[in-house]
K.L.:
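Once you've had a glance at the structure underneath, I'll fire off some questions.
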Amino acid sequence: MCQTNSRICVVIRTTPPVSDPRELNTIIVSSLRSLFGDSEPYSQGIAVLECRECSDPTIQESKEAIVECQTSSLDWMRAALTFSSTPSFLQGSVYRLEFLDIVP
């Protein structure tokens, strides 16, 4: 599905839970632009494919998501997850986005 020479899928955890793939995509793009400027090239091709319950049933305050991106943008996206920055309409919320794994 995702694993090609130019595309890769990763699993991330969101706290608080984000159920809407479009909202999570907006948070990731906002984080990339906050770190690397409005003209950054890394957000092109980022797509949140799904948001789902955590694979670890003991974690109830979070959700997991499958995110597809260009292989060349993976390190930049991981940096944006570490330093997440929300868009203005979500400024009252603080999100923790954790890189968990690469989808095989």
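Below, each value reflects all heavy atoms present in this structure, side chains not excepted, and no hydrogens, waters or symmetry copies.
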K.L.:
Side-chain contact, heavy-atom cut-off 4.5 Å: T86 with Y95?
P.N.:
yes

K.L.:
Taking all atoms of both residues into account, what is the closest heavy-atom pair of A80 and S31, and its distance?
P.N.:
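Taking every non-hydrogen atom into account, O-CB, 3.5 Å.
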
K.L.:
A65 and V48: which non-hydrogen atoms are nearest, and at how many Å?
P.N.:
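Smallest interatomic distance, heavy atoms only, reads CB-CG1, 4.3 Å.
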
K.L.:
To the nearest 0.5 Å, tell me how far L97 CG sits from R78 CZ.
P.N.:
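If I round to the nearest 0.5 Å, the distance is 13.5 Å.
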
K.L.:
I'd like to check I46 versus V67 (side-chain heavy atoms, cut-off strictly below 4.5 Å). Are they in contact?
P.N.:
yes

K.L.:
Can you find a pair of side-chain heavy atoms, one from K63 and one from E53, that are under 4.5 Å apart?
P.N.:
yes

K.L.:
Going by the side-chain contact (heavy atoms from CB on, under 4.5 Å) test, name the single residue among L32, V29, L35 that passes it with Y42.
P.N.:
L32

K.L.:
For a 4.5 angstrom cut-off between non-hydrogen side-chain atoms, does V11 reach V103?
P.N.:
yes

K.L.:
Looking at I12 and F99, what are the two nearest heavy atoms and their distance?
P.N.:
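Answer, listing the atom of I12 first, then F99: CG2-CA, 4.2 Å.
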
K.L.:
With side chains defined as the heavy atoms from C-beta onward, is the minimum distance between I102 and L74 less than 4.5 Å?
P.N.:
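SC-SC contact between I102 and L74 confirmed.
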
K.L.:
So which heavy atom on A47 is nearest to which on N25, and how close?
P.N.:
CA-OD1, 3.8 Å

K.L.:
Between P21 and E50, is any pair of side-chain heavy atoms under 4.5 Å apart?
P.N.:
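Sidechains of E50 and P21: no contact.
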
K.L.:
Could you pull out the closest heavy-atom pair between T15 and E61, with the gap in Å?
P.N.:
CG2-O, 3.7 Å

K.L.:
Taking the side chain from E64 and the backbone from S55, do they hold a donor-acceptor pair closer than 3.5 Å?
P.N.:
yes

K.L.:
At what distance, to the nearest 0.5 angstrom, does CD of E40 lie from CH2 of W76?
P.N.:
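Between atom CD of E40 and atom CH2 of W76 there are 11.0 Å.
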
K.L.:
Do you know which two heavy atoms are closest between C51 and S19, and how far apart they sit?
P.N.:
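What the structure gives for the nearest pair is CB-O, 3.6 Å.
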
K.L.:
Under the 3.5 angstrom rule, does the side chain of R96 hit a backbone N or O of S62 as a donor-acceptor pair?
P.N.:
no

K.L.:
State whether the side chain of S73 and the backbone N or O of C69 hold a donor-acceptor pair below 3.5 Å, judged by distance alone.
P.N.:
no

K.L.:
Taking atom CD1 of I28 and atom OG of S84, what is their separation to the nearest 0.5 Å?
P.N.:
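One finds 10.0 Å between CD1 of I28 and OG of S84.
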
K.L.:
Take atom CD in Q44; do more than 12 heavy atoms of anything else shown fall under 6.0 Å from it?
P.N.:
no

K.L.:
Checking Q70 side chain against S72 main chain: does a donor-acceptor pair fall under 3.5 Å?
P.N.:
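Absent.
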
K.L.:
So, taking the atom named CG in L24 and the one named CD1 in I66, what distance separates them when rounded to the nearest 0.5 Å?
P.N.:
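L24 atom CG to I66 atom CD1 measures 11.0 Å (nearest 0.5 Å).
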
K.L.:
Report yes or no: does S30 contribute a side-chain atom to a donor-acceptor pair with the main-chain N or O of S85 at less than 3.5 Å?
P.N.:
yes

K.L.:
Flag the pair R33 / S43 as yes when at least one side-chain heavy-atom distance between them is below 4.5 Å, and no otherwise.
P.N.:
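Answer yes - side chains close enough.
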
